[in-house]
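Let me begin by presenting the structure, written as structure tokens, before commenting on it.
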Amino acid sequence: MGTLMPYLTTVADSMQAESADGTIISCNYRHHPRFSTDCKLSAGLHYVFIRFASERSYSKVYELRTAIRLFLDYAVEYESQNPKVLHHTSFLQISAEVFYGYDLFIKRNRGPKGLATRLKSALIVIAKNHNEGLPLLALPALDHQKYKSFEPLTEACFNQVTSALKVHIDLLYEKIDFRRVVDLAKPHSCEEVLAHENGLHTWTPEIDRSLKTLIVNAHPFVVTHEEFVETYRKGKRPAGTVLTLTPLDRGSMIKIASLTEAQPSCLIPLAPSLTVI
């Protein structure tokens, strides 16, 4: 690994750098809590600083040093909000999305303007000009580009989203299972309904059979229950529907529709075919 990526070790012990105009500048970012000589990300940033310093004036080197310190600050904030598996430990993990987040971090904290772009330039120039294994990163333009932030969710927020999705998925499975039950159910016949004609108000049809009866008899699920009842009592057809009078009498259909309306598990928009794909 040392032969393939000498940048990780070649300047690892350097505590200061000399600019092109002879100014000695300390690598004070090495004292940052996030900086570690065992971290490839830290080693890569340190390597870039040392090589960059020897080719630029002291003012440019100071800017880069500030940019590195702020990047380490950003890493601390990012890692405090995300599980360890998402922490940045490799130089190659400096992606376009990470750099967007870094630029937004600087702006939120009112850091020097254009600092993220200066760090980006240094990372690219040193990778191109020095054959010591530093990866050449594909980083985005930042200064005038409009972009949206898609920072990863915090661990607490991730857990909340996961829990909510599990509940939602469980409900969907329940609905799918119920659709299968309805698809296999036998609808109420005219004779069966008429047998309860004298005690219709006390009759409690089965939920799955009731819904299947509504489907078979072309109950218009696109209209409200109130509109359906009113229309059925008047024997009219609601505008925009295909409702027709069916073999079941009006009272029976209203009874069945009312039962279905009162059951939350039945409030599922269903097509005439309940086949689950």
* Partners meeting salt bridge (Lys or Arg N to Asp or Glu O under 4.0 Å) with Arg51 (sequence neighbours left out) -> Glu132
* Run the salt-bridge test on Arg180 and Asp177 with the 4.0 Å N-O cut-off and return the result as yes or no. => yes
* Parallel, tilted or perpendicular for Phe105 and Tyr74, by the 30°/60° rule? -> tilted
* Which ILVMFWY residues can you reach from Leu184 by hopping between side chains whose heavy atoms are under 4.5 Å apart? -> none
* Without hydrogens or angle criteria, can the side chains of Asn28 and Ser26 be said to hold a donor-acceptor pair below 3.5 Å? -> no
* **Tyr102: partners by ring-ring contact (aromatic ring centres under 6.0 Å, His included), with sequence neighbours left out** => Phe71, Phe99
* Structure fact -> For Leu136, the hydrophobic cluster (side chain heavy atoms closer than 4.5 Å, chained through members) also holds Ile124
* Asked: Which residues pass the salt bridge (Lys or Arg N to Asp or Glu O under 4.0 Å) test with Arg30, sequence neighbours left out?
  -> none
* Asked: Quick one: are Val61 and Thr23 in side-chain contact, heavy atoms under 4.5 Å?
  -> no
* **Contacts of His88 that satisfy ring-ring contact (aromatic ring centres under 6.0 Å, His included) - sequence neighbours left out** => Tyr78
* Using distance alone, with no hydrogens and no angle criterion, decide if His46 and Tyr29 have a side-chain donor and acceptor under 3.5 Å apart. => yes
* Asked: Would you call Val125 and Phe52 a side-chain contact if the rule is heavy atoms closer than 4.5 Å?
  -> no
